[in-house]
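I have placed the structure first, in the form of structure tokens, so that the comments after it can refer back to it.
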Amino acid sequence: MARSIVAVLEIGTSNTVALIGEAIESGRVRVIGKGIARTAGVRKGLVIEIKQAMAGVQTALTQAEDSADVSVGEVLLAISGAHIATTPGEGLLPVRASDGKVTRDDLDEIRELARESRPGPDRVVLHALQQFYKLDELDGIPNPEGMRGKQLRLGTLFVHGQRNRIDDALHVLKERTLDTRDVVFSALAAATAVLTPEQRNSGAVVIDLGGGTTNYVVYLRNVVVAAGSLGIGGDHVTNDIAQAFSLPVSQAEELKINEGCAIIDPQRSGRRIELPGSMIATAARSISVKALHMVMEARMRETLSLVRDQIGPELRHAGAGVVFTGGGSAISRLDELTALVFGMHSRIGEPLPQYIEGLRDDRVKPAALATVSGLLIRSAQMREEENPLGSVGSLFRNLTKGFGR
């Protein structure tokens, strides 16, 4: 039997990550190749210098190919950035059966109608995510087949991005002579890796904290009801520290990682941190841990508050709480700040072992690999659904539909 090999890629603001996986039993995937490289030429999730961005892609993919002992010709790409937006659409259909029962044909037709009201030509639809049905005045229906009524409605949530920005990312891959199977919003991919079906049904907020972006998606009863991307990330926290204490960015990043906290830590607030001299501040000096935490809390609180405000009333349905992924999820006491901002519990989301194996890497924490893991997991599941023997076929043709489940 031919091996079922899939390659995925995330060009992040801080790191470019490539994974190569092999589909195994029951829709699971085994990682057989990994590559991680520092990213250049990307700001806030957007490519600003194609040659520099391509260097990171080349390094990450070469590492992954060497460790997997395979060559990659095409990848599934994750994308984010503040240009990502959502637009609701709706299909409206009278129930045609004489007895007023909704039929399978009605459902097929209204799904097509709900997908017609797409954004303008300068936007690329990444996902058309089916929402709940409404039959007359009864809404929130997952499947109205066999129910009686006069008028059927179905909502669609379009996740879309600016065409030029997506084309820039695709051009990076073309420079490496890579084909792109499909483009997926990164937060949807991350949610695929870290949520169980029960959590998606209970309602969950997944927030991916990257270097230059903060991406989120909200599930309710297995349906994505909100999604978005902010051009704010961990690099902004680092820059705030650098400006507040007149430090080089590299030293500020080290402080954030080693001494940082999402809220003021009373057990450490009385300490001072000794800093060696630098090109910006030549004399050795010390700074207050409390002052460092105040700077970090201000930015982190602002970021989480923006996400909360964008999600709006859907938050009250998130019974499974907030799940953080991405490199920024490692910040100490993030759960306490989340409780203050969102009024709910939270956890760090690592790719679940029932979906993926072979992921561990000493260079990066598992939560930072959630997006690429989700791409790999879903692509393997789609491959199994379309052809259990593993031929390529039209694997990603319906990927948008798959992520919308």
Side-chain angles (χ1 to χ4, degrees), residues 9-13 42-50 53 75-93 108-134 152-174 179-191 208 210 212-219 223-233 306-307 309-314 371 375 378 394 396-405:
L9 182 70
E10 179 185 21
I11 308 173
T13 304
V42 177
R43 184 174 62 212
K44 298 183 180 182
L46 304 177
V47 174
I48 59 171
E49 216 296 324
I50 287 175
V75 297
L76 180 62
L77 178 67
I79 201 157
S80 62
H83 67 104
I84 301 295
T86 59
T87 301
E90 186 180 61
L92 177 63
L93 183 73
D108 291 341
E109 184 174 353
I110 199 168
R111 279 195 289 265
E112 290 301 317
L113 291 172
R115 294 166 67 94
E116 288 182 354
S117 54
R118 291 171 172 256
D122 63 331
R123 310 293 295 179
V124 175
V125 174
L126 303 176
H127 310 281
L129 305 171
Q130 182 175 306
Q131 304 293 287
F132 295 107
Y133 293 92
K134 181 177 182 180
L152 184 64
R153 296 176 184 265
L154 174 62
T156 296
L157 185 68
F158 293 103
V159 181
H160 49 93
Q162 189 176 348
R163 183 174 298 277
N164 289 340
R165 302 291 71 79
I166 293 174
D167 285 347
D168 289 341
L170 297 180
H171 189 58
V172 171
L173 303 189
K174 290 178 182 177
D179 291 330
T180 306
R181 281 282 187 157
D182 212 331
V183 180
V184 176
F185 177 44
S186 60
L188 279 172
D208 186 66
T213 61
T214 296
N215 310 297
Y216 65 89
V217 62
V218 182
Y219 274 91
V223 170
V224 176
V225 296
S229 182
L230 304 174
I232 305 173
L306 286 170
V307 174
D309 294 345
Q310 287 203 4
I311 295 172
E314 303 295 351
T371 293
L375 293 177
R378 189 57 202 150
S394 58
F396 294 101
R397 195 166 299 155
N398 295 316
L399 187 63
T400 291
K401 178 182 176 182
F403 271 98
R405 293 177 183 171

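Numbers here are sequence positions counted from 1.
- Interatomic distance, Arg165 CZ to Leu170 CG, rounded to the nearest 0.5 Å: 12.0 Å.
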Show, in sequence, the C-alpha distance, side-chain angles and deciding distance for Leu126 and Ile166, and conclude whether the side chain to side chain contact (heavy atoms under 4.5 Å, CB included) test is met. CA-CA 10 Å; Leu126 303 176; Ile166 293 174; 3.9 Å; yes
Side-chain atoms of residues 82-93: list all donor-acceptor pairs with protein atoms under 3.5 Å, sequence neighbours left out, distances to 0.1 Å.
from	atom 1	to	atom 2	distance (Å)
His83	ND1	Gln162	N	3.0
His83	NE2	Ser80	O	3.3
Thr87	OG1	His160	NE2	2.7
Glu90	OE1	Arg153	NH1	3.0

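- Closest approach of Pro119 and Val125 over heavy atoms only: CD-CG2, 3.7 Å.
- Between Ser229 and Thr213, the shortest heavy-atom contact is OG-CB, 4.2 Å.
- In this structure, Phe185 and Gly228 approach most closely via the heavy-atom pair CZ-O, 3.2 Å.
- Rounded to the nearest 0.5 Å, atoms CG (Leu188) and CG (Asp208) are 11.0 Å apart.
- Summarising the geometry of Ser186 relative to Thr371, their closest heavy-atom pair is O-OG1, 3.5 Å, with the distance given to 0.1 Å.
- Under the side chain to side chain contact (heavy atoms under 4.5 Å, CB included) criterion, Glu116 pairs with Leu113, not counting sequence neighbours.
- Side chains of Leu154 and Arg111 form a contact here, defined as non-hydrogen atoms less than 4.5 Å apart.
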After noting the C-alpha distance and the side-chain angles of Leu173 and Ile11, does the key distance pass the side chain to side chain contact (heavy atoms under 4.5 Å, CB included) rule? CA-CA 10 Å; Leu173 303 189; Ile11 308 173; 4.3 Å; yes
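- Taking OG1 from Thr156 and NE2 from His127, the interatomic distance works out to 14.0 Å, rounded to the nearest 0.5 Å.
- Contact annotation: the side chain of Gln310 approaches that of Tyr216 to within less than 4.5 Å [non-hydrogen atoms, C-beta and beyond].
- Taking each heavy atom of Ala191 and Tyr219 in turn, the nearest pair found is CB-CE1, 3.7 Å.
- Arg43 meets the side chain to side chain contact (heavy atoms under 4.5 Å, CB included) test with Ile48; sequence neighbours excluded.
- One distance of note links CG of Leu77 with CD of Glu10; it measures 9.0 Å at 0.5 Å rounding.
- Note that the CZ atom of Arg163 and the CG atom of Asp168 stand 12.5 Å from one another [nearest 0.5 Å].
- Closest approach of Thr214 and Val307 over heavy atoms only: CG2-CG2, 3.9 Å.
- For the pair Leu375 and Leu9, the minimum side-chain heavy-atom distance is 4.5 Å or more.
- Counting heavy-atom neighbours within 6.0 Å of Lys134 NZ, excluding the residue itself, gives a total above 12.
- Taking CG of Leu46 as the reference point, atom OG1 of Thr13 lies at 7.5 Å (rounded to 0.5 Å).
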